[in-house]
J.: 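A single structure is presented below for examination.
Note that the structure is predicted; figures quoted are calculated from it, not measured. Ligands are counted one by one from 1 in listed order, and the atoms in each one are counted from 1 as well.
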Amino acid sequence: MKPLEIEIFQCRSDNYGVLVHDPETGLTASIDAPEEQPVLDAAARRGWTLSHIFTTHHHTDHVEANLALKDRFDLQVIGPINEAVAIPGLDKTVADGDEFEFGARRVCVIETPGHTAGHVCYHFPDDKILFAADTLFALGCGRLFERPAADMWHSLQKLAALPDETAVYFGHEYTLSNARFALTIDPDNARLQERARDIDAARAANRFTIPTTIGLEKETNPFLRATDPAIRRHLLMESRTDEEVFAEIRKRKDNF
Ligand SMILES: [Zn+2]
């Protein structure tokens, strides 16, 4: 099987646009549809024709171009059943544990409530690629709009259980600010310090920080590290539950 081809580009102010292309069948999926013109430009640049939109959640900055793109392409919009009413142009609903085909490959649906109640991530296990949108960012996680912290902690644990080498494509370029925050929670983590320096250099040169990997996030992302003894000590929360430690880290980030 030829590897998937991926095109990454900026949409709106800080959203990532992502196109996924299967060279064997010509199928091309847009992961969400944040803005029409950048998606059209990216497809034209690669000579790809959109066949799908994989919607992760209902926020406007992820679905705004669904209908406009549907007008231009004969495409299918796939999205989470728990947000079906809020997703324009939805053709096919998916739920946790569902699998569907994209050409010859399997796509697995992982429901990750937290940022929104029905947010889903799309996992391509054969390619070891995850599209995590606003659940897991480089050194961050999505803000809790529709579900409590404990739900998000359990959602993040599902993603952390994927193989370490899994490439993670996320929804927003927040990495610089996430790195500054992470250092306030996990100041003695040498791997994080090193990564923060890499991120400073990347952003100073206007380079994208996408993708990351599950392994790197487990080593450096404070939102995946509520069990870490040094973090718990630093927060004076050694005897608290993982969910409580995670909730405290999320609260501090909201006020950062
Ligand atoms: Zn969102």
J.: Starting at NZ of K158, measure out to CH2 of W153 and round the result to the nearest 0.5 Å.
T.: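 Spacing of NZ (K158) from CH2 (W153) equals 14.5 Å.
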
J.: Looking only at side-chain N and O atoms, does T227 offer a donor or acceptor that is under 3.5 Å from a partner on D242?
T.: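 Side chains of D242 and T227: no pair found under 3.5 Å.
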
J.: For the residue pair D188 and Q193, confirm or rule out a side-chain donor-acceptor distance under 3.5 Å.
T.: no

J.: Between the side chains of E165 and T213, is a donor N or O closer than 3.5 angstrom to an acceptor N or O?
T.: no

J.: Please tell me whether Y122 and F102 form a close aromatic pair, meaning their ring centres lie under 6.0 Å apart.
T.: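 No, the ring centres sit 6.0 Å or more apart.
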
J.: Hey, can you pull the donor-acceptor pairs under 3.5 Å for the side chains in residues 137-149, sequence neighbours left out?
T.:
from: E146; atom 1: OE1; to: A117; atom 2: N; distance (Å): 2.7
from: E146; atom 1: OE2; to: H58; atom 2: NE2; distance (Å): 2.7

J.: Suppose the cut-off is 2.8 Å; which protein N/O/S atoms would you list for the Zn ion (ligand 1)?
T.: H57 NE2, H59 ND1, H115 NE2, D134 OD2

